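First up is the structure itself, then whatever we jot down about it.
Sequence lines set the chain letters: A, B, ... in the order given, protein chains first and strands last, and positions in each chain run from 1. Side chains included, hydrogens not; waters and symmetry mates left out as well; all remaining heavy atoms used. Not measured: the values here are computed from a predicted model.
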Number of protein chains: 2
Amino acid sequence: MNPFTEKHGESVAALGETRLLEKIRLWLGDAAPAEPFGMGDDCAVLPRGKSARLITVDPVIYGGHFNDTMSPRATAQKLLKRNLSDLAAMGGVPIAAVLALTLDRRTSLRWLEGFYRELAACAHHYAVPIVGGDIAEAPQMHLSASLTLLGNPARGGRILTRRGAREGDAIYVTGELGNTLGTGHHYRFTPRLAEGAWLARQRAVHSMIDISDGLAKDLKALETGQQPLSAQIFPGRLPLRRGADLRSAVCGGEDYELIFSLSASARTADFERRWREAFPKTRLTRLGHFTQAGTREAGALNLEDYHGYEHL
Amino acid sequence: MNPFTEKHGESVAALGETRLLEKIRLWLGDAAPAEPFGMGDDCAVLPRGKSARLITVDPVIYGGHFNDTMSPRATAQKLLKRNLSDLAAMGGVPIAAVLALTLDRRTSLRWLEGFYRELAACAHHYAVPIVGGDIAEAPQMHLSASLTLLGNPARGGRILTRRGAREGDAIYVTGELGNTLGTGHHYRFTPRLAEGAWLARQRAVHSMIDISDGLAKDLKALETGQQPLSAQIFPGRLPLRRGADLRSAVCGGEDYELIFSLSASARTADFERRWREAFPKTRLTRLGHFTQAGTREAGALNLEDYHGYEHL
């Protein structure tokens with residue numbers, strides 16, 4: 001749906017800021033907590049005893065992350081869930097979010113209402129109160145929403161970073177890869193919060209990241225940790241999503257699955273059995289392992305031939 | 001300075017994302033903490049024991065908050081300080097910030113370098129580590145930066161909201177008002193962090209807000225607290241900034257001064273003496289007082305005749 005309208009009465013400009021804020025409160029419903037915890041002051045106040053240790057920010061921008069073919073509801077889901085996926089990739093659980101909206105004054109109220117109502121539903125589902133935000137005008141048919149998400153490590157879990165992989169670690173990926181645009185997965189996905197929290201409790205898991213820019217690119221981030229490594233990934237093992245080919249699985253991006261590395265000293269069969277008990281519905285695939293940097297084993301993908309999504 | 005360039009080699013597109021991120025690390029210097037506390041992972045990790053209870057977000061947008069006449073350095077200062085002013089208005093002290101940058105690929109590196117270097121200097125000055133962020137591309141010569149700031153109540157202070165004003169409270173304002181564009185005050189200002197923290201320790205102070213959209217509009221936010229009130233403001237008392245007239249002082253906005261209300265049972269002379277001892281260089285003006293809603297005393301401004309800045 002095109003988020004802009006040429007009809008003044010259907011645009012945000014017809015309402016003005018104060019009435020738009022009232023509408024947004026209405027659309028958000030109980031996803032927006034009552035004062036002093038929510039909207040309406042210079043800062044939002046977070047509930048005591050739920051202080052944050054993790055923070056992440058990601059936007060959706062018209063013409064990039066969404067366009068006229070995507071509904072406002074899908075756009076809202078994508079915005080919240082891509083931030084949740086970043087939190088899952090550190091083993092975190094969400095606390096609260098703020099939303100900064102930047103919009104052309106011709107933005108249609110119908111689009112905005114769909115967006116906020118679904119944001120509220122999704123925030124409710126994932127227990128993420130929307131505690132505040134900002135609205136600012138931009139020229140030239142610009143529409144973007146930037147969400148900042150706060151979280152904490154899961155109970156009993158540590159904060160799992162990209163930097164702990166070691167030589168010999170096994171490389172795993174959750175779910176399936178590729179064809180995320182063709183299947184609508186790029187907004188229909190479920191962020192791997194439960195899986196991320198569980199993995200952060202396993203001492204044998206050394207490093208973790210979510211796939212937003214494609215396996216090839218995001219895997220490289222795990223190669224440049226405490227010691228320089230090379231990932232040996234065997235193409236026949238890649239769990240392809242419906243309609244996906246190899247290149248789309250390796251380079252496509254927006255998979256929002258977790259890649260993690262498991263200590264060489266861990267028993268993979270035992271680990272995989274415990275995974276299946278914990279997450280019977282979430283596929284887990286061992287793609288390969290890390291070696292010293294500069295190595296390439298027979299049959300392993302040359303990741304230099306594949307590029308993930310570059311933002312510029 | 002126009003932030004865009006038609007010369008490919010001088011634009012962010014010539015670098016690509018990875019090298020741009022390296023540049024940004026360089027430009028931020030020690031304003032960006034080392035991992036795991038800073039940039040480079042799915043989430044930033046906040047230092048333990050400094051967990052956040054306050055969160056605020058505000059952007060600067062090309063064509064709105066800045067334009068070709070403003071330097072990238074002034075733009076960076078404005079971005080950080082307008083968020084600090086929101087924190088000051090709750091009696092908070094800063095902990096950390098994340099920055100979401102949205103930019104056309106023609107954005108010039110020279111502009112960006114000036115922006116990030118000054119952001120680093122300003123972050124250093126106010127002890128606000130920039131712990132993470134995001135970069136995303138936007139079409140159509142769009143350039144904006146949205147900063148999310150975390151904070152905590154000041155030591156010994158409470159969180160002071162907009163909602164505590166009572167009938168009979170005196171109304172005070174810090175500094176001077178008006179002509180913020182003509183004097184460059186809209187980016188040269190000093191956020192009232194020390195004053196805000198001090199005020200949050202005074203039990204007789206009932207409510208507080210910073211002036212971003214103009215005295216008339218922001219004062220209205222104090223009128224709609226626990227009980228409906230009317231502000232009686234006497235125009236002769238307004239502390240005018242150089243070159244400011246009454247309308248600019250009441251409606252102009254971007255003053256980033258604090259308005260607060262003081263209990264009717266407090267002795268104003270005693271309070272003002274203690275203020276002068278604490279802040280000999282920060283002017284303090286008693287503008288009037290709050291009455292029951294619907295009242296207008298002789299000589300008081302009719303605030304209905306004045307409108308602050310509406311964002312749409």
Side-chain angles (χ1 to χ4, degrees), chain A residues 12-13 15-18 20 35-36 40-46 48 51-59 61-65 85-87 89-90 92 96 98-100 102 105 131-142 144 146 148-151 159 161-163 209-210 310-312, chain B residues 12-13 15-18 20 35-36 40-46 48 51-59 61 63-65 85-87 89-90 92 96 98-100 102-103 105 131-142 144 146 148-151 159 161-163 209-210 310-312:
Chain A
V12 294
L15 274 190
E17 184 194 9
T18 306
L20 177 58
E35 294 182 45
D41 217 312
D42 298 289
C43 302
V45 178
L46 299 172
R48 195 188 290 270
S51 300
R53 288 198 54 214
L54 293 165
I55 181 168
T56 187
V57 59
D58 255 326
I61 300 170
Y62 177 64
H65 310 88
S85 185
D86 275 326
L87 197 59
M90 307 282 282
V98 293
L99 179 72
T102 305
R105 50 192 288 118
V131 294
D134 181 71
I135 297 175
E137 187 176 342
Q140 293 178 313
M141 297 291 239
H142 179 88
S144 66
S146 174
T148 306
L149 179 65
L150 295 177
I159 293 171
T161 74
R162 302 177 174 183
R163 318 249 324 148
I209 190 174
D210 74 323
E310 286 283 321
H311 291 264
L312 292 169
Chain B
V12 294
L15 274 190
E17 183 194 9
T18 307
L20 177 59
E35 295 184 44
D41 217 313
D42 298 289
C43 303
V45 178
L46 299 172
R48 195 187 289 271
S51 300
R53 289 196 55 214
L54 294 165
I55 182 168
T56 187
V57 58
D58 254 325
I61 301 169
H65 309 88
S85 184
D86 276 327
L87 197 59
M90 306 284 280
V98 293
L99 180 71
T102 305
L103 78 187
R105 47 193 289 117
V131 295
D134 181 71
I135 298 177
E137 187 176 343
Q140 292 177 314
M141 297 290 241
H142 178 87
S144 66
S146 174
T148 306
L149 178 67
L150 296 176
I159 294 171
T161 74
R162 301 177 176 184
R163 320 250 320 150
I209 190 174
D210 75 321
E310 286 284 321
H311 291 265
L312 294 167

Quick check for you: to the nearest 0.5 Å, what is the distance between B:E137 atom CD and A:H65 atom NE2?
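Between atom CD of B:E137 and atom NE2 of A:H65 there are 10.0 Å.
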Mind listing the closest non-hydrogen atom pair of A:C43 and B:M90 along with its distance?
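So the minimum-distance heavy-atom pair works out to O-CE, 3.4 Å.
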Given B:D134, which partner from the list A:T148, A:V57, A:D86 fulfils the side-chain contact (heavy atoms from CB on, under 4.5 Å) test?
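In the set A:T148, A:V57, A:D86, the residue that makes a side-chain contact (heavy atoms from CB on, under 4.5 Å) with B:D134 is A:V57.
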With only heavy atoms counted, which part of A:I61 is less than 4.5 Å from chain B, the side chain, the backbone, both or neither?
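Contact with chain B is through the side chain of A:I61 alone.
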Side chain, backbone, both or neither: which part of A:L150 has a heavy atom under 4.5 Å from chain B?
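Just the side chain, heavy atoms under 4.5 Å.
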Heavy-atom cut-off 4.5 Å, strictly under: side chain, backbone, both or neither for B:I159 against chain A?
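For B:I159, the contact with chain A is made by the side chain alone.
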